[in-house]
Student: 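Pasting in a structure now, in structure tokens, and then I'll have a few things to ask.
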Amino acid sequence: MTRPVRVRFAPSPTGKLHIGGARPALFNWAYARRHGGVFLLRIEDTDPERSTKEYELAILDGLRWLGIHWQEGPDVGGPHAPYHQSQRIERHKQRARELSAMGRAYPCFCSRERLEELAQRQEAAKERQGYDGLCRRLDSQTVAQRVAAGEPHTLRFAVPAGATEFHDHIRGPMRFENHEVEDWVMVRSDGNPTYNFVVVCDDIDMQISLIMRGEEHLINTPKQVLLYHAFGAALPEFAHLPLMLGTDKKKLSKRTGDTSLQDYRDKGFPPEAVVNFLCLQGWALSGSQEIFSVEELVANFEIKDVNKAGAVFDIEKFLWMAGEYIRRDSVERVAERCAPHVVRAGLMSAEDLAGRADWFRSVVSHEKERIRTYGELPARIEYLFVADEKLVYGEDAEKNARRHANRLTTLSAFRAWLELQLAAGGDAAALREGAKQFQTEQKLKTPELLQPLRCALSGHASGPDTFEVILLLGAQRTLRRLELAQERLA
RNA sequence: GGUCCCAUCGUCUAGCCAGGCCUAGGACACUAGGUUUUCAUCCUAGCGACAGGGGUUCAAAUCCCCUUGGGAUCACCA
């Protein structure tokens, strides 16, 4: 019963792409690539109240950012178009009529009030919740009359007796007793079909061979399996992925921090790191390799290796991984990706950046191993852009500088020495060597020279090599800052 | 509460399916050293887990059962 591999990701555009949603997308995509199948995108926009075009676009954009590509979808089309669920409604309605004609669904005239009452009664009696099947017992003549009279009604699926079984690739054999599954609403009183119905219609029509999705759908699956049987359609395979959890161990939500992919993108996480980290939540390449590429993922991804238990989203490890990707990347690319953050922070304009590309790359090369996200760069290098007079001395930096009683004379002497050195040219290494000599001649301990110096130049207690900072700043600003420091540190 | 799912260091995980190679491996975090003018990086070491109880077996983290704990879901939302 092998059929072509066709998998899908079917987000509903009612919000930004959630990181808990990006992972199933990623796994489906990897699975399709691994098996030479098709990965398609279907937009489940059947809730007009909450769906927006903006969200839809943002979701597509987010997926592309991660490097996930689809062969069929709303923007690229495909043999099973349309890929907007809302545009398939006539087909859904037709399928609903088919099921009615087969006697597998029946009209339900129960009012919302009665349903509410029923639920309350069941709750109070601690009975099983769910529809009691009142309208299922109506005789066909009565039903026909009431429908003809235009009485509002929903269409409910008539769940048969017995049990429903299916195999889950992650959880193994599953079995649900049908009497635990209520006669659920298939078509609303306004004529619009519900999720559990349309999702099956579309998955059948689009010949989906495997449905891989979050565990929250596991309990919906028997309803859907029953529908496949009713339609006489081939059952797809199922795989229910473990949930991504917040630190409270509950399903990840806005409550426990940033959950949208966009948030991490804005913060400057490398997309490769996001992909890698998302994979690591529930799947591992091996017991010892944390960092791996998408190619390695695709070459090794097996559903059976996916964990059953939910994974707590650990932002610390995520940040570590982001930093790891940045450190391993080239200066050129890190600079390129940091650029928008620097512009957004108002430090440089795009033109500045273009005009001083070499200088900026040099800045990045010295900060590359200190940042974990591209977004961390601006705050670290702001001192390079502020007016010399407005440089802020950090508390620690100033304390370190003031520790040395000879700071003013040291600064003054060093400034005089440096002025000559800078005029002569030379790289940071040469300056560093020269400064060592200066230090010896002046009988200074290293901190006596470098701590006041660092404070004067950057105002930070830590950062890149001081002599690199001098070159980054340039002669004029360096000397000016040393001058100012002699007043400010007095 | 009903139904369903799950259970290895604080966290992510390897090992489990095909029981012995496990004195349970790796990573993040944390701690202590080393390298560095500082910070970061890098290196070394340490801390730290098979939820509990029964079985099966010569042998169980691995198989079975129970308990406990956690989670998902109970819409005319997707």
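Keep in mind that the numbers below use all heavy atoms, side chains included, and drop hydrogens, waters and symmetry copies. Here is the naming used below: chain letters follow the sequence lines, and residue numbers restart at 1 for every chain.
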Student: In whole Å, what separates the P atom of B:A72 from that of B:C66?
Tutor: 24 Å
Student: Give me the distance, rounded to whole Å, that separates B:A40 from B:C28 when you measure between the P atoms they each carry.
Tutor: 15 Å
Student: Check the phosphate of B:U73 against A:Lys251, side-chain N and O only, distance under 4.0 Å to OP1 or OP2. Yes or no?
Tutor: yes
Student: Anything under 30° is parallel, anything over 60° is perpendicular, the rest tilted; go ahead and classify A:Tyr195 against A:His217.
Tutor: tilted
Student: Do A:His84 and A:Glu56 pair up side chain to side chain, a donor and an acceptor below 3.5 Å, judged on atom types alone?
Tutor: yes
Student: When the P atoms of B:G1 and B:C58 are compared, how many Å lie between them, rounded to an integer?
Tutor: 42 Å
Student: Determine the contact category for A:Ser462: base if any of its heavy atoms lies under 4.0 Å from a base atom, sugar-phosphate if only primed atoms, P, OP1 or OP2 are that close, otherwise nothing.
Tutor: base
Student: Mind checking if A:Arg171 touches a base, just sugar-phosphate, or nothing, with heavy atoms under 4.0 Å?
Tutor: sugar-phosphate
Student: State which of B:U73, B:G71, B:U41 makes the closest approach to the side chain of A:Glu216.
Tutor: B:U73
Student: So what does A:Glu290 hit on the nucleic acid, given a heavy-atom distance under 4.0 Å: a base, only sugar-phosphate, or nothing?
Tutor: base
Student: B:U44 pairs with which nucleotide, Watson-Crick or G-U wobble, both distances below 3.5 Å?
Tutor: B:A32
Student: Output the rounded distance in Å from CG (A:Asp465) to C1' (B:U38).
Tutor: 10 Å
Student: I'd like to know if A:Ser189 reaches the base of B:C76 with its side chain such that a donor and an acceptor end up less than 3.5 angstrom apart.
Tutor: yes
Student: Only one of A:Gln122, A:Arg121, A:Arg137, A:Arg114 forms a side-chain hydrogen bond (donor to acceptor under 3.5 Å, both in side chains) with A:Asp132, so which one is it?
Tutor: A:Arg114
Student: In whole angstrom, give me the gap between the C1' atoms of B:C63 and B:G26.
Tutor: 27 Å
Student: If you measure from the C1' atom in B:A60 to the same atom in B:G53, how many Å do you get, rounded?
Tutor: 15 Å
Student: Counting only heavy atoms from other residues, nucleotides and ligands, does the tally under 6.0 Å from CD of A:Gln94 exceed 12?
Tutor: yes
Student: For A:Thr14, report the nucleic acid contact type (base, sugar-phosphate, nothing); a contact means any heavy atom under 4.0 Å.
Tutor: nothing
Student: Send over the distance from A:Asp248 CG to B:G71 P, rounded to a whole Å.
Tutor: 8 Å
Student: A:Ser286 side chain N/O closer than 4.0 Å to the phosphate oxygens (OP1, OP2) of B:A14?
Tutor: no
Student: Starting at CD of A:Glu302 and ending at P of B:C17, how long is that distance when rounded to a whole Å?
Tutor: 18 Å
Student: Taking all atoms of both residues into account, what is the closest heavy-atom pair of A:His80 and A:Arg88, and its distance?
Tutor: O-NH1, 2.9 Å
Student: To the nearest angstrom, how far is A:Gln122 atom CD from B:U3 atom P?
Tutor: 14 Å
Student: Considering only B:U73, B:C5, B:A78, which nucleotide approaches the side chain of A:Leu218 most closely?
Tutor: B:C5
Student: On RNA chain B, compare the nucleotides closest to A:Glu316 and A:Ala309; which residue's is nearer the 5' end?
Tutor: A:Ala309
Student: Hey, does A:Pro464 reach any base, or is it just sugar-phosphate, or nothing, if we go heavy atoms under 4.0 Å?
Tutor: base
Student: Please tell me which of the listed nucleotides, B:C4, B:A14, B:A40, lies nearest to the side chain of A:Met174?
Tutor: B:C4
Student: Which part of the nucleic acid does A:Ala284 contact within heavy-atom distance under 4.0 Å: base, sugar-phosphate only, or nothing?
Tutor: sugar-phosphate
Student: Rounding to an integer number of Å, can you tell me how far A:Leu285 CG sits from B:U13 C1'?
Tutor: 12 Å
Student: Base, sugar-phosphate, or nothing: which does A:Leu243 touch, judged by heavy atoms less than 4.0 Å apart?
Tutor: sugar-phosphate
Student: At 4.0 Å (heavy atoms only), tell me whether A:Phe176 reaches a base, stays on the sugar-phosphate, or touches nothing.
Tutor: sugar-phosphate
Student: Can you see if the side chain of A:Asn307 gets near the phosphate of B:A14 - specifically, an N or O under 4.0 Å from OP1 or OP2?
Tutor: yes
Student: For the pair A:Lys53 and A:Asp45, find out whether any cationic side-chain nitrogen is under 4.0 Å from an anionic carboxylate oxygen.
Tutor: no
Student: Looking across every strand, which nucleic acid part, if any, lies under 4.0 Å from A:Met321 by heavy atom: base, sugar-phosphate, or nothing?
Tutor: nothing
Student: Under 4.0 Å, counting only non-hydrogen atoms across every strand here, what does A:Arg327 touch: a base, just sugar-phosphate, or nothing?
Tutor: sugar-phosphate
Student: A quick test of your reading: do over 12 heavy atoms of other residues, nucleotides or ligands sit less than 6.0 Å from CD of A:Gln129?
Tutor: yes
Student: Rounded to whole Å, please give me the gap between CZ in A:Phe277 and C1' in B:A29.
Tutor: 12 Å
Student: Just the rounded figure in Å: distance from P of B:G2 to CG of A:Asn178.
Tutor: 20 Å
Student: Would you say a side-chain N or O of A:Lys249 is under 4.0 Å from OP1 or OP2 of B:A72?
Tutor: no
Student: Any idea which of B:C42, B:A78, B:U3 is nearest the A:Ser12 side chain?
Tutor: B:A78
Student: Has the side chain of A:Lys317 got a donor or acceptor atom sitting under 3.5 Å from an opposite partner on the base of B:C12?
Tutor: yes
Student: Assuming nearest nucleotide by heavy-atom distance, tell me which of A:Cys110 and A:Leu245 is located more 5' along RNA chain B.
Tutor: A:Leu245
Student: Which nucleotide sits closest to the side chain of A:Thr46: B:A78, B:C4, B:C74?
Tutor: B:A78
Student: Specify the separation, in whole Å, of atom CZ of A:Arg156 and atom P of B:C76.
Tutor: 6 Å
Student: Provide the Watson-Crick or G-U wobble partner of B:G1, both distances under 3.5 Å; none if there is no partner.
Tutor: B:C74
Student: Is the ring pair A:Trp283/A:Phe301 parallel, tilted or perpendicular, if the boundaries are 30 and 60 degrees?
Tutor: tilted
Student: Take atom C1' in B:U31 and the same atom in B:U23, then report the distance between them in whole Å.
Tutor: 24 Å
Student: Measure from the side-chain heavy atoms of A:His217 and tell me the nearest of B:U13, B:G70, B:A78.
Tutor: B:A78
Student: What's A:Gly282 touching, base or sugar-phosphate or nothing? Going by heavy atoms closer than 4.0 Å.
Tutor: sugar-phosphate
Student: Side chain of A:Ile219 only, please: which of B:C5, B:A72, B:C28 is the nearest?
Tutor: B:A72
Student: Check every strand shown and say whether A:Thr446 touches a base, only sugar-phosphate, or nothing at a heavy-atom separation below 4.0 Å.
Tutor: sugar-phosphate
Student: When you get a sec, tell me which of B:A40, B:G2, B:C12 is the closest nucleotide to the side chain of A:Leu280?
Tutor: B:C12
Student: Roughly how far apart, to the nearest Å, are B:C21 and B:A59 at atom P?
Tutor: 14 Å
Student: Please confirm whether A:Arg156 makes a cation-pi placement over A:Tyr131, using NZ or CZ under 6.0 Å from the six-membered ring centre and within 45° of the ring normal.
Tutor: yes
Student: Considering only the P atoms, how many Å lie between B:A78 and B:G71, rounded to the nearest integer?
Tutor: 27 Å
Student: Just compare B:A78, B:C4, B:U11 and give me whichever is closest to any side-chain atom of A:Gln85.
Tutor: B:A78
Student: Would A:Arg42 and A:Phe9 count as a cation-pi pair here, with the cationic atom under 6.0 angstrom from the ring centre and within 45° of the axis?
Tutor: no
Student: Does A:Cys455 reach a base, just sugar-phosphate, or nothing at all? Heavy atoms under 4.0 Å.
Tutor: nothing
